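The structure appears right after this line, and notes come after that.
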Number of protein chains: 2
Amino acid sequence: MYETKESSTNQLNISIALNKCPVTYTLHKIGGRWKPLIIYHLTSGPLRYGELKKAIPAITEKMLIQHLKELEADGLVNRKAMPVVPPHVTYSLTTSGEALAPVLNAMAAWGMHYSKADVLE
Amino acid sequence: MYETKESSTNQLNISIALNKCPVTYTLHKIGGRWKPLIIYHLTSGPLRYGELKKAIPAITEKMLIQHLKELEADGLVNRKAMPVVPPHVTYSLTTSGEALAPVLNAMAAWGMHYSKADVLE
DNA sequence: ACTAGTACCTACCAAAAAGTATGTATCTAT
DNA sequence: ATAGATACATACTTTTTGGTAGGTACTAGT
């Protein structure tokens with residue numbers, strides 16, 4: 001009939017793909033719904049949490065902060081908190097975050113070229 | 001307490017992100033677990049279904065064919081079936097699929113550089 | 001005492017992506 | 001008649017990602 005494995009291979013497969021393919025690795029780091037946009041906005045300089053929120057109106061605070069935490073944990077983004085009240089926190093790209101520029105440019109170029117009349121799908 | 005919206009904004013947000021960000025668009029096209037690997041294997045020339053399967057042992061047939069269908073629908077991959085028995089089907093990159101090369105190269109370069117001692121996470 | 005401002009946190013739920021198991025068609029060779 | 005080869009299809013489940021709704025802390029200003 002139908003038996004299910006105790007532990008799925010999902011996590012395993014992630015690391016297989018990560019190990020086999022540096023592209024998958026990169027994809028894994030920038031692959032959240034709003035991560036490219038966040039990184040893009042930070043390329044022109046550090047921004048405060050609230051400024052990022054304003055720059056990406058459709059994002060919820062939960063997703064914004066979740067993505068920021070992940071980007072920070074992945075070493076792409078720096079968080080700098082000033083111990084004042086009300087809080088003042090700025091986010092900026094790290095060296096490896098800035099090194100993504102050529103990647104993002106290549107992706108943007110391809111995307112702009114091949115998304116003609118296709119975006120509304 | 002807890003009320004739920006009739007229709008979630010998930011789909012809406014996808015298209016917002018896609019429209020705002022060509023990088024997100026590109027990400028959307030190559031963003032399946034095994035898609036980069038599939039595309040990579042096709043860069044050296046057309047392959048049969050079974051050859052792709054052998055090239056990526058960890059992938060299940062369901063995911064392989066699902067990704068191939070999506071890549072085909074997205075215009076990145078061509079499917080050519082010979083009406084013989086047993087079936088003989090080859091997959092190859094389209095022009096836009098081949099145009100991903102610089103994107104994948106940039107991603108691979110970044111990935112290889114920044115994944116040192118990090119892959120085992 | 002109360003409100004405003006900033007940057008979060010958390011419990012819960014929904015939707016999407018990935019994985020498991022099994023089945024199908026067709027012809028050739030045995 | 002049966003098995004082998006090839007390229008799928010499909011029903012169902014699990015895992016991950018994203019969204020909703022609400023709350024917190026801390027101080028300054030009124």
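As a basis for the values below, the full set of heavy atoms in this structure was taken, side chains included, without hydrogen atoms, waters or symmetry mates. Quick caveat, the model's predicted, so the values are computed rather than measured. Letters go in sequence order (proteins before strands), and every chain restarts at 1.
When the nucleotides C:dC8, C:dT20, D:dA9 are ranked by their closest atom to the side chain of A:Val89, C:dC8 comes out on top. If you check D:dA7, D:dT20, C:dC9 against the side chain of B:Pro87, the one that comes closest is D:dA7. With D:dC8, C:dT20, D:dG19 as the candidates, the nucleotide lying closest to the side chain of A:Trp34 is D:dG19. Of the listed nucleotides (D:dG19, D:dC8, C:dC8), D:dG19 has the atom at the smallest distance from the side chain of A:Met63. Nearest to the side-chain atoms of A:Lys62 among the listed nucleotides D:dC8, D:dG18, C:dG19 stands D:dG18. Comparing D:dA5, D:dG18, C:dT20 against the side chain of B:Pro86 picks out D:dA5 as the nearest.
Phosphate proximity of D:dG18 to A:His67: present, with a side-chain N or O under 4.0 Å from OP1 or OP2. Under 4.0 angstrom from either OP1 or OP2 of C:dA16 there lies no side-chain N or O belonging to A:Arg33. When the side-chain nitrogen and oxygen atoms of B:Arg79 are compared with OP1 and OP2 of D:dC8, one or more of them lie within a distance under 4.0 Å. Not one side-chain nitrogen or oxygen of A:Gln66 sits closer than 4.0 Å to the OP1 or OP2 atom of C:dT10. For D:dT20, one of the phosphate oxygens OP1 or OP2 lies less than 4.0 angstrom from a side-chain nitrogen or oxygen of B:Thr9. The phosphate of C:dG5 has neither OP1 nor OP2 within less than 4.0 Å of any side-chain N or O from A:Tyr49.
Between the CD1 atom of B:Ile56 and the P atom of C:dG19 there is a distance of 12 Å, rounded to whole Å. The interatomic distance linking B:Leu64 (CG) with D:dC8 (P) rounds to 9 Å, in whole Å. Distance CD1 (B:Ile65) to C1' (C:dT20): 17 Å, rounded to an integer number of Å. Look at CG on A:Leu12: it is 14 Å from C1' on D:dT15, rounded to the nearest Å. The distance between atom CD of B:Gln11 and atom C1' of C:dA14, rounded to the nearest whole Å, is 12 Å. The NZ atom of B:Lys54 sits 11 Å away from the C1' atom of D:dA5 (whole-angstrom rounding). What separates CG of B:Asn10 from P of D:dG19 is a distance of 5 Å, to the nearest Å. Atom CG of A:Leu52 is separated from atom C1' of C:dC8 by 14 Å (rounded to the nearest Å).
A:Ile16 and B:Ala58 make their closest contact through CD1-CB, 3.8 Å (heavy atoms, listed as atom of the first residue, atom of the second, distance). The nearest pair of heavy atoms linking B:Met107 to A:Thr26 is O-OG1, 2.8 Å. A:Pro57 approaches B:Lys20 most closely through the heavy-atom pair CD-NZ, 3.5 Å. When all heavy atoms are compared, the tightest approach of B:Ala99 to A:Trp110 is O-CD1, 3.5 Å. Shown here for B:Ile30 and B:Pro36, the closest heavy-atom pair between the two residues is O-CD, 3.6 Å.
Counting non-hydrogen atoms under 4.0 angstrom, B:Lys69 reaches the backbone sugars and phosphates but no base.
Side-chain contact check for A:Tyr49 and A:Glu61: at least one donor-acceptor pair (N or O, by modelled atom type) lies under 3.5 Å.
Each of A:Val85 and A:Ala58 was matched to the nucleotide of DNA chain D holding its nearest heavy atom; the match closer to the 5' end belongs to A:Ala58. Between A:Glu61 and A:His28, the residue whose closest nucleotide on DNA chain D is further toward the 5' end is A:His28. Where A:Asn13 and A:Arg48 each meet DNA chain C at their nearest nucleotide, the meeting point lying more 5' is that of A:Arg48.
Remark on the helix from C:dA1-D:dT30 to C:dT30-D:dA1: inter-end axis angle 30°, axes from five-pair C1' superpositions, rounded to 10°.
Looking only at side-chain heavy atoms (C-beta outward), A:His88 and A:Arg48 come within less than 4.5 Å of each other. Counting only heavy atoms from C-beta outward, the side chains of B:Arg33 and A:Asn13 approach each other to under 4.5 Å.
Checked for salt-bridge contact, A:Lys35 and A:Glu70 meet the test: a charged N lies under 4.0 Å from a carboxylate O.
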